[in-house]
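Report on the following structure.
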Amino acid sequence: MKLLTDDIRRRLPPLYSTEQDPDPVVQVKLFSPWSQWTWWVTEFDGENLLFGLVTGFEREWGYFTLSELEHARGPRGFHIERDLCFTPRRVSELKSLGVL
């Protein structure tokens, strides 16, 4: 499965474009099926660098690369996946739903 489809790539705002927004829209949710790690993507440089909220051992905003996520492998060869049922939502809405 492609982590970022062409449609998602077009929809993702460029890096730094939402940095003044206190409540940005998460455009795509990526997750590790073998651990608690989740990447809530809000921005993309159009090539490889993503920005968003990362939840794992802790919750923090930061940069991560598409290539790193695409090449990550877990037990039995599991891959990072995209949540196909996820709809873009503001961070505050995800928090109010108890997802974050």
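Below, all heavy atoms of this structure are taken into account, side chains as well, without hydrogens, waters or symmetry copies.
In terms of the side-chain contact (heavy atoms from CB on, under 4.5 Å) criterion, residue partners of Ser35 (sequence neighbours excluded) are, by chain and number, Ser32, Trp37. With sequence neighbours excluded, the residues that form a side-chain hydrogen bond (donor to acceptor under 3.5 Å, both in side chains) with Arg89 are Glu93. By the side-chain contact (heavy atoms from CB on, under 4.5 Å) test, Asp23 pairs with Asp21, Arg90, Val91, Ser92, sequence neighbours left out. Residues meeting the ring pair (Phe, Tyr, Trp, His ring centres under 6.0 Å) test with Trp34, sequence neighbours left out: none. Partners of Arg73 under the side-chain contact (heavy atoms from CB on, under 4.5 Å) rule, at least two apart in sequence or in another chain, are His79. In this view, Phe44 satisfies the ring pair (Phe, Tyr, Trp, His ring centres under 6.0 Å) rule with no residue, not counting sequence neighbours. For Asp83, the side-chain contact (heavy atoms from CB on, under 4.5 Å) test picks out Lys29, Phe31, Cys85, Phe86, with sequence neighbours left out. With sequence neighbours excluded, the residues forming a ring pair (Phe, Tyr, Trp, His ring centres under 6.0 Å) with Tyr63 are Phe51, listed by chain and number. Remark: Arg59 pairs with no residue by the salt bridge (Lys or Arg N to Asp or Glu O under 4.0 Å) rule, at least two apart or across chains.
Think of Met1 as one node in a network of Ile, Leu, Val, Met, Phe, Trp and Tyr side chains linked at under 4.5 Å; its network also takes in Leu84.
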Exercise for review: Take Thr18 and Gln27 through the test side chain to side chain contact (heavy atoms under 4.5 Å, CB included) and record every step on the way to the result.
Suggested key: CA-CA 12 Å; Thr18 68; Gln27 297 291 336; over 6 Å; no

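Listed by first and then second residue, the salt bridge (Lys or Arg N to Asp or Glu O under 4.0 Å) pairs that reach into residues 31-41 come to none, sequence neighbours excluded. Listed by first and then second residue, the salt bridge (Lys or Arg N to Asp or Glu O under 4.0 Å) pairs involving residues 43-57 amount to none (not counting sequence neighbours).
Around atom CD of Glu70, more than 12 heavy atoms belonging to other residues, nucleotides or ligands sit under 6.0 Å away.
Residues Leu15 and Leu50 approach most closely at CD2-C, 4.4 Å, considering heavy atoms.
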